[in-house]
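First the proteins, then the strands, lettered A, B, ... as listed; each starts at 1.
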Amino acid sequence: MSTKYWLMKSEPDVFSIEMLEKQKKPEYWDGVRNYQARNFMRDEMKKGDLVLFYHSNCEVPGVAGIAIVSKEAYPDHTQWDKKSKYFDPKASKENPRWFMVELTWKETFHKVVSLQEIKEEKTLSKMRLVQKGNRLSVMPVEKEEFDFIKKMSKRK
DNA sequence: GCCAACGTTGGC
DNA sequence: GCCAACGTTGGC
């Protein structure tokens, strides 16, 4: 199996790449409540896949670093937790609806590759991220796009 | 904080 | 199964 590449969004106020780096342990990616995003995580994400860690809903939205999938999809426990904002009354233990993966920190970019810069690159114009109205929090990216963004993070 | 673009829900 | 109403995401 070859490595796949992904982009996952997180609000840095809630959870940032810096927090992932500091905690020195994997983070489970709970709270995904979108079927398309779930399917990507549950069906396609494999251990060792590489993830562009994207900061959304903040001053400079963009890719802030790289993480690696360290555990493949398993049921998201917050769906059964009545006190959680992610509680889903339609999910049962026998038939879980929502899944999550675990990510381990790999790299924090010296500078964030901003959404604005990404939009300016013709090479990246096919990314789902820059297409109109895209709100997916988990999406696949091409190896070429992944490598290109990594290269952009090293620019002056 | 605004609002466009979606996704989901529920009445019919 | 349609679609209006509502909720959410996320850039700005």
Side-chain angles (χ1 to χ4, degrees), chain A residues 4-23 26-45 49-69 73-103 105-142 144-146 148-153 155:
Chain A
K4 288 205 199 68
Y5 299 86
W6 305 93
L7 181 146
M8 293 171 85
K9 295 179 183 173
S10 181
E11 301 191 18
D13 293 342
V14 180
F15 191 76
S16 69
I17 187 82
E18 289 82 8
M19 292 181 212
L20 184 62
E21 179 176 4
K22 278 203 197 106
Q23 72 184 18
E27 175 73 7
Y28 55 81
W29 212 258
D30 63 344
V32 172
R33 293 295 180 268
N34 169 286
Y35 288 107
Q36 244 186 308
R38 178 204 68 183
N39 293 346
F40 284 137
M41 286 201 296
R42 187 190 58 187
D43 304 334
E44 295 193 49
M45 232 179 242
D49 283 0
L50 292 168
V51 176
L52 294 172
F53 198 114
Y54 182 90
H55 284 174
S56 69
N57 240 320
C58 56
E59 208 170 327
V60 184
V63 178
I66 296 171
I68 187 160
V69 176
Y74 61 105
D76 176 346
H77 57 84
T78 60
Q79 67 193 304
W80 303 307
D81 179 1
K82 282 210 176 74
K83 276 175 263 165
S84 169
K85 68 168 174 168
Y86 299 125
F87 175 67
D88 183 345
K90 292 181 189 145
S92 67
K93 291 264 182 191
E94 300 74 37
N95 194 13
R97 259 195 180 190
W98 306 110
F99 291 79
M100 59 190 183
V101 295
E102 278 183 10
L103 298 184
W105 177 82
K106 185 158 188 290
E107 180 180 341
T108 300
F109 287 164
H110 189 64
K111 74 173 191 66
V112 170
V113 177
S114 70
L115 179 63
Q116 198 186 343
E117 293 172 84
I118 290 171
K119 281 180 175 166
E120 284 165 6
E121 296 293 344
K122 210 159 178 220
T123 319
L124 303 175
S125 62
K126 288 211 181 70
M127 287 183 77
R128 300 178 78 143
L129 179 70
V130 298
Q131 277 156 23
K132 199 179 170 187
N134 183 28
R135 298 177 354 193
L136 261 190
S137 60
V138 179
M139 67 183 88
V141 305
E142 299 296 326
E144 292 70 29
E145 295 162 350
F146 182 93
F148 198 87
I149 288 178
K150 196 172 168 181
K151 223 181 287 168
M152 284 169 78
S153 75
R155 283 184 194 164

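Residues meeting the side chain to side chain donor-acceptor pair (under 3.5 Å) test with A:E120, sequence neighbours left out: none. In this view, A:Y74 satisfies the ring pair (Phe, Tyr, Trp, His ring centres under 6.0 Å) rule with no residue, not counting sequence neighbours. A search for ring pair (Phe, Tyr, Trp, His ring centres under 6.0 Å) contacts involving A:Y54 returns nothing, not counting sequence neighbours. Taking the side-chain contact (heavy atoms from CB on, under 4.5 Å) definition, one finds that A:T123 meets it with A:F148, sequence neighbours left out. Residues that satisfy the ring pair (Phe, Tyr, Trp, His ring centres under 6.0 Å) test with A:F109, not counting sequence neighbours, are absent from this structure.
Across the interface with DNA chain B, nearest-nucleotide mapping of A:R97 and A:G133 shows A:G133 to be the residue nearer the 5′ end.
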Which nucleotides of nucleotides 3-11 of chain C have their base under 4.0 Å from a protein heavy atom (B), which only their sugar-phosphate (S), and which neither (-), written as one string 5' to 3'?
----BBBBB
